[in-house]
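Worksheet: the structure to be examined is printed underneath.
Residue numbering restarts at 1 for every chain, and letters A, B, ... go by the order of the sequence lines. Just the heavy atoms: all of them, side chains too, but no hydrogens, waters or symmetry mates, feed the values below. Computed from a prediction, not measured in an experiment: that's the story for all the values here.
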Number of protein chains: 2
Amino acid sequence: MGTGIRIMLSKTCEYAIRAMIYIAQQSKNGSRVNVKEIASNIDSPELFIGKILQGLSKKGLLQSLPGRYGGFYINEAEAKTSLADIVIAIDGDKIFKGCGVGLGYCSEKKPCPIHADYKRARNALYKIYKEATLWQFRESISKGEIRLKRE
Amino acid sequence: MGTGIRIMLSKTCEYAIRAMIYIAQQSKNGSRVNVKEIASNIDSPELFIGKILQGLSKKGLLQSLPGRYGGFYINEAEAKTSLADIVIAIDGDKIFKGCGVGLGYCSEKKPCPIHADYKRARNALYKIYKEATLWQFRESISKGEIRLKRE
DNA sequence: TTTAATTCAGACAAAAACATCCGAAAATAG
DNA sequence: CTATTTTCGGATGTTTTTGTCTGAATTAAA
């Protein structure tokens with residue numbers, strides 16, 4: 001039927017995060033990567049991840065250079081970007097708020113039955129995404145601890 | 001751009017949960033409610049919530065009776081249904097699993113950098129939905145503590 | 001300066017989620 | 001039994017998300 005609770009990412013966010021992690025890793029030695037290479041290394045549709053990165057580039061989350069031998073890269077400052085930053089760049093920050101049952105009026109003053117517990121759990125999740133930086137993932141990849149392909 | 005992390009519900013789930021809470025409340029005195037009444041009380045598209053409830057009825061989460069003076073209702077046993085039960089009926093239980101970064105291979109043996117923290121937060125959320133029953137909401141509504149309309 | 005390889009921009013296309021329509025079957029009051 | 005009101009089932013329509021195509025602008029090597 002529907003899509004339900006998605007304590008997971010939209011495709012767009014998943015692709016964006018994986019691509020950013022990959023680019024951050026490849027940028028260590030200053031090299032640029034093009035969308036073809038990115039797509040094949042993170043298992044994503046090539047033209048789609050291109051579009052997504054163009055958007056993130058406009059917002060200053062990474063650098064891009066057109067033309068031959070061009071591509072995308074992430075500098076030292078940008079490697080401090082958190083997963084929460086990426087999510088917010090794509091969808092805005094309203095997704096880190098909101099009622100657990102979808103009631104618009106729900107608030108501290110008029111809480112729904114699960115309001116307090118839910119808020120605590122949701123904030124914990126936000127903290128996790130906020131503290132996870134590209135830099136941190138870069139280390140993990142170098143050690144061979146993680147892969148960016150889907151399987 | 002995309003949809004991002006949705007620590008919130010799809011429309012379908014939101015409608016389903018609000019409708020179930022409303023029906024449970026109205027069923028206290030044994031009366032049935034029809035889709036028109038449900039839709040107007042929870043602010044949802046009438047024909048759409050009808051379809052959703054038909055599905056939940058088939059799965060045994062509530063009762064339905066066709067014909068004049070028919071409608072939907074929830075008996076005492078069904079009032080023990082949790083929000084997690086509703087979500088699972090609509091989308092299956094895979095949504096309560098899955099990696100926080102969307103990596104298919106991510107597991108205890110091959111964890112992504114946020115695996116452990118994320119799992120803890122996700123499980124806390126599941127617990128909240130699992131422990132929130134229709135019965136519990138029924139009490140809150142009677143006391144006038146919550147409303148089911150969107151605003 | 002030419003050429004090849006790339007990002008960029010905007011239109012287009014496909015798939016999934018959300019929502020509606022219509023006619024049939026069922027139930028009940030009168 | 002009849003009339004009325006409801007759910008049920010399947011097709012259809014709309015909107016959002018996801019994914020693709022095409023051509024122009026950009027860059028640097030040769």
Is a side-chain donor or acceptor of A:R138 paired with a backbone partner of A:A24 at a separation under 3.5 angstrom? yes

At less than 4.0 Å, is any side-chain N or O atom of B:K36 found next to OP1 or OP2 of D:dT6? Yes or no. no

When you get a sec, tell me which of C:dA9, C:dT7, C:dC21 is the closest nucleotide to the side chain of A:K58? C:dA9

Per B:R68 side chain, nearest of listed nucleotides C:dC21, C:dT28, D:dT7: C:dT28

Reckon B:Y69 touches a base, only the sugar-phosphate, or nothing at all at heavy-atom distances under 4.0 Å? sugar-phosphate

Measure CG/B:L56 against P/D:dC8 and give the value in whole Å, please. 11 Å

If the cut-off is 4.0 Å, is B:K51 near the phosphate of D:dC8, judged by side-chain N/O to OP1 or OP2? no

Answer with base, sugar-phosphate or nothing: what part of the nucleic acid does A:G50 contact at a heavy-atom distance below 4.0 Å? nothing

Just how far, in rounded Å, is C1' of D:dG19 from CD1 of A:I42? 14 Å

A:N34 CG to C:dT7 C1': how many Å, rounded? 10 Å

Using whole Å, report how far CD1 of A:I52 lies from P of C:dC8. 14 Å

Hey, does A:L53 reach any base, or is it just sugar-phosphate, or nothing, if we go heavy atoms under 4.0 Å? nothing

Starting from the 5' end of DNA chain D, give me the residue, A:R32 or B:V35, whose nearest nucleotide shows up first. B:V35

Tell me the interatomic distance from A:E37, atom CD, to C:dA5, atom C1', rounded to whole angstroms. 14 Å

Would one find more than 12 heavy atoms of other residues, nucleotides or ligands at under 6.0 Å from atom NZ of B:K80? no

Among D:dT5, D:dT7, C:dT7, the one nearest any side-chain atom of B:P66 is D:dT7

Rounded to whole Å, please give me the gap between NZ in B:K11 and P in D:dT16. 8 Å

Separation of A:I38 atom CD1 from C:dT7 atom C1', in whole Å? 11 Å

To the nearest Å, how far apart are A:I49 CD1 and C:dT7 C1'? 14 Å

Given C:dT7, D:dT18, D:dT7, which nucleotide is nearest the side-chain atoms of B:Q54? D:dT7

Validation row: A:L56, A:I90 side chains within 4.5 angstrom (heavy atoms): yes

Would you say A:I38 ends up clustered with A:L65 if hydrophobic residues are merged whenever their side chains have heavy atoms under 4.5 Å apart, either directly or through other cluster members? no

For C:dC18, does either OP1 or OP2 sit under 4.0 Å from a side-chain N or O belonging to B:Y15? no

Using the ring of each side chain (for Trp, its six-membered ring), is B:F96 parallel, tilted or perpendicular to B:Y129, with breaks at 30° and 60°? tilted

Kindly say if B:S64 contacts the phosphate of D:dC8, meaning a side-chain N or O under 4.0 Å from OP1 or OP2. yes

Steps toward side-chain hydrogen bond (donor to acceptor under 3.5 Å, both in side chains) verdict (A:E78, A:Y73): CA-CA 9 Å; A:E78 290 157 352; A:Y73 64 102; over 6 Å; no

Looking at the side chain of B:P45, which of C:dA19, D:dT6, D:dT20 is the nearest nucleotide? C:dA19

